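Below is one structure, written out as structure tokens; the observations come after it.
What you are looking at is a predicted structure, and each value in this text was computed from that prediction instead of being measured. Here is how names work: the chains are called A, B, and so on, in the same order as the sequence lines, proteins then strands, and each is numbered from 1.
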Amino acid sequence: MAASRTEILRMLAEMARLTALDEGSPQSFKARAYEAALAGIEGHPGELTGLSKTELTKIKGVGNSIAEKILEFDTTGTVRKLEELRAKYPPGFVELTRVPGLGPKTLKMLRDRLGVVDVDSLKEALDAERLRELPGMGEKSEEKIRRALERLGMHGKDRRTPLVEVYGLAHSLAARLGDLPGVVEAVPCGSIRRFSDTIGDVDIVVATTDPVVVMNEVANLPHLSELIGSGETKTSFLTHEGLQVDVRAVHPDQFGSALLYFTGSKVHNIALRQRAIDRGWLLSEYGLFEEEKVVASVTEEDLYAALGMEYVPPPLREGRGEVEAAAGDRLPRLIRREDIAGDMHYHSDRSGDGRSSLEEMVEAAIEAGYRYVAFTDHGEDLTINGSSREEMLAHRDRIRQLDDRYPEIDLLFGCELNIGPDGSLDYDPGFRLEFDWCVASIHSHFDLPAEQQTIRVLKALSDPAVNAIGHLTGRYVGRRPGVELDVDAVLEGLATTGVALEINGALDRLDATDEVARRAMAAGVDVVIDTDSHHTRELIRMDYGVRWAQRGWVTVDRVLNARPIEEIRARVAARR
DNA sequence: GCCGTTTTCGGCCCGACTGTTTTCAGTCG
């Protein structure tokens, strides 16, 4: 039997989790070794199955022992060591690690001294007031754990929230703190700044000469439901939705190092700190130090430069090879918002779910600085939102008229075709070729087997009218997983046909994923970064799409809509 | 468990806050 890449990653993640528990600390070197191997493999593009032990140990973070475990897992389907750990720490006990405030040390003590093995037995021990008998524990600890248990499942330590649900809140909170007296700047950091599609909690760093004012403001925010902790420079609280927010105040002179530290990721930070150590320095949120002397601290640019690296944009800071690349001046020229020349997935109220008129959408596009835009209203197969042939042809006339009226922008008559369960598309082949540009996307039948989904998408992209595949999996972050398909097969299809992979900037979609985008780069597939706007206020999604693409290491030379319209037209023509 | 332009052994990122303690361990990020 051969284990898939995903299964191997999951196995290593479980090994890391259980080893941390067994060793009594997530900082345990063994646990971190598993995490390092996990990161190394995630950054390793190729297949894993079939690799020899020697080849496996060439992967960063994978040594003899982990290579053997991967081989064992690949051939037998399990790992003896993992089975032992599972027996020692059954799921009910592991569940307890999700309780905020309960770490491995405390959990071990609870089990050894009080026989606590799961949530129920923990509750019994709490009711009997037995925890306070233990060293280091008291009445307050009992109360804290009791409260944490009550809201377990609502927001355990490992709960991730879709970015779309917190993005607005985080920025409005930062804006509010930014207006306080003494505050120079307030910025959401952490996974929000790295632009991860899900986030654990909200981290806001405030540059201020007067941290007391900031801490007071935070303690009295209307969003605050429960105060978790508050000190002179740091306050943590839960919102009414159960989201944890950490606000940290630093002196403006230390803002760069604070931003760097609180943006993470953890893996990225550790790598930077290691670089500092290699130079005999120390890097913390307060700055880069040589003994007592500050080497750099005011801006992130200063810090990277001092460490002998190119500046690393936040979306890249995931420990996926960016540290090595930046140190060797090998960071790719990533796509940037100012490179974008147009939007190739764009709706008007011709679509049933469109909310702004053609004129409004054209003017919004001009306002955004675009040189061209493709209107891609839904085809007839989406019965509620789509348009008939007659409607589409009338629509085309209006687009041509507007194209004449607005010489500063080129308007394309396009369509968002619906990919049926069998890969079929709207209209007929001849009519489809009437369009200047077509994006084809999945809108239903999300549960078909992966093999069928792959055939479905491959069939759609083989149609000469199709120029891009929209929101590849149809996922909604945190709500709908999206279709399963053979990504490599699809990428190969895209590469051979010259059809582009869309990176959809809608915050709840962010589809294709950053991971797929990166594989697309390796496979020689071009992308289009689109907003899929249905309203003039959705054009901001281009910022999101670009940052998401950066997470996928998408380079400017591979983005179709960073090129002149003539090149896009030529590409469409060449395909027919 | 991994790793080596000082090392095949002895290291492995750094600091705030809490609760329980009089100096610190545990947890978290």
OP1 or OP2 of [N] versus the side-chain N and O atoms of [X]: is any pair under 4.0 Å?
X	N	result
A:Ser236	B:dC17	no
A:Lys234	B:dG15	no
A:Tyr286	B:dA16	yes
A:Arg32	B:dC13	yes
A:Ser265	B:dG29	no
A:Ser284	B:dC14	no

Which of these nucleotides, [options], is closest to any side-chain atom of [X]?
X	options	answer
A:Ala33	B:dC14, B:dC12, B:dG1	B:dG1
A:Ser141	B:dG1, B:dG19, B:dG29	B:dG19
A:Ile66	B:dG19, B:dA16, B:dG1	B:dG1
A:Thr106	B:dG19, B:dT27, B:dG29	B:dT27
A:Ile277	B:dC13, B:dT18, B:dC2	B:dC13

Quote, to the nearest angstrom, the [atom1] distance that separates [N] from [M].
N	M	atom1	value
B:dA16	B:dC2	C1'	29 Å
B:dT23	B:dC17	C1'	16 Å
B:dT22	B:dG15	P	25 Å
B:dT5	B:dG1	P	23 Å
B:dT7	B:dC3	C1'	9 Å
B:dG26	B:dT20	P	14 Å
B:dC9	B:dA25	C1'	29 Å

Base, sugar-phosphate alone, or nothing: which one does [X] contact when heavy atoms must sit under 4.0 Å apart?
X	result
A:Lys108	nothing
A:Lys30	base
A:Glu139	sugar-phosphate
A:Pro104	sugar-phosphate
A:Ser28	nothing

Margin query: Using heavy-atom distances to pick each residue's nearest nucleotide on DNA chain B, tell me which of A:Thr233 and A:Pro135 is more 5'.
Written below: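 Nearest-nucleotide comparison on DNA chain B picks A:Thr233.
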Margin query: Both A:Leu283 and A:Tyr261 contact DNA chain B. Which one's nearest nucleotide lies toward the 5' end?
Written below: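 Per heavy-atom nearest nucleotide, the more 5' residue is A:Leu283.
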What is the separation between atom [atom1] on [X] and atom [atom2] on [N], rounded to the nearest whole Å?
X	N	atom1	atom2	value
A:Glu143	B:dT18	CD	P	16 Å
A:Glu23	B:dG26	CD	P	15 Å
A:Glu35	B:dC12	CD	C1'	13 Å
A:Asp203	B:dA16	CG	C1'	13 Å
A:Arg147	B:dT18	CZ	C1'	16 Å
A:Leu102	B:dG19	CG	C1'	14 Å
A:Leu134	B:dT20	CG	P	12 Å
A:Gln27	B:dG15	CD	P	14 Å

Margin query: Please name the nucleotide paired to B:dT8 by Watson-Crick or G-U wobble geometry with both distances under 3.5 Å, or report none.
Written below: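 Here B:dT8 is not engaged in any pair, so there is no nucleotide opposite it.
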Checklist line | Within 45° cone of A:Tyr311 ring axis and under 6.0 Å: A:Arg317 NZ or CZ | finding: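 Judged by the rule, A:Arg317 and A:Tyr311 form a cation-pi pair.
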Do the side-chain N and O atoms of [X] and [Y] include a donor-acceptor pair separated by under 3.5 angstrom?
X	Y	result
A:Arg541	A:Thr531	no
A:Asp22	A:Tyr89	yes
A:Glu310	A:Tyr304	no
A:Lys69	A:Ser65	yes
A:His268	A:Glu322	yes

Note to self: Would you say the ring centers of A:Tyr544 and A:Tyr167 fall short of 6.0 Å from each other?
What the structure shows: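 Ring centres of A:Tyr167 and A:Tyr544 closer than 6.0 Å.
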Margin query: Please determine whether a side-chain nitrogen of the Lys or Arg among A:Asp511 and A:Arg480 lies less than 4.0 Å from a carboxylate oxygen of the Asp or Glu.
Written below: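 Salt bridge: no.
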Next item on the list: Look at A:Glu285 together with A:Arg248 and state whether they make a salt bridge at an N to O cut-off of under 4.0 Å.
Entry: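 Result for this pair is yes, salt bridge flagged.
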Notebook entry, point to check: Taking protein heavy atoms under 4.0 Å as touching, what does nucleotides 3-11 of chain B look like 5' to 3' if B marks base contact, S marks sugar-phosphate-only contact and - marks none?
Noted result: S--------
Next item on the list: Report yes or no: is the ring centroid of A:Phe29 under 5.5 Å from the six-membered base ring centroid of B:dC12, with the two planes under 30 degrees?
Entry: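 Yes; centroid distance and tilt both under limits.
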Margin query: Can you give me the closest heavy-atom contact between A:Arg194 and A:Thr263, atom names plus distance?
Written below: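 Of all heavy-atom pairs spanning A:Arg194 and A:Thr263, the closest is NH1-O, 2.7 Å.
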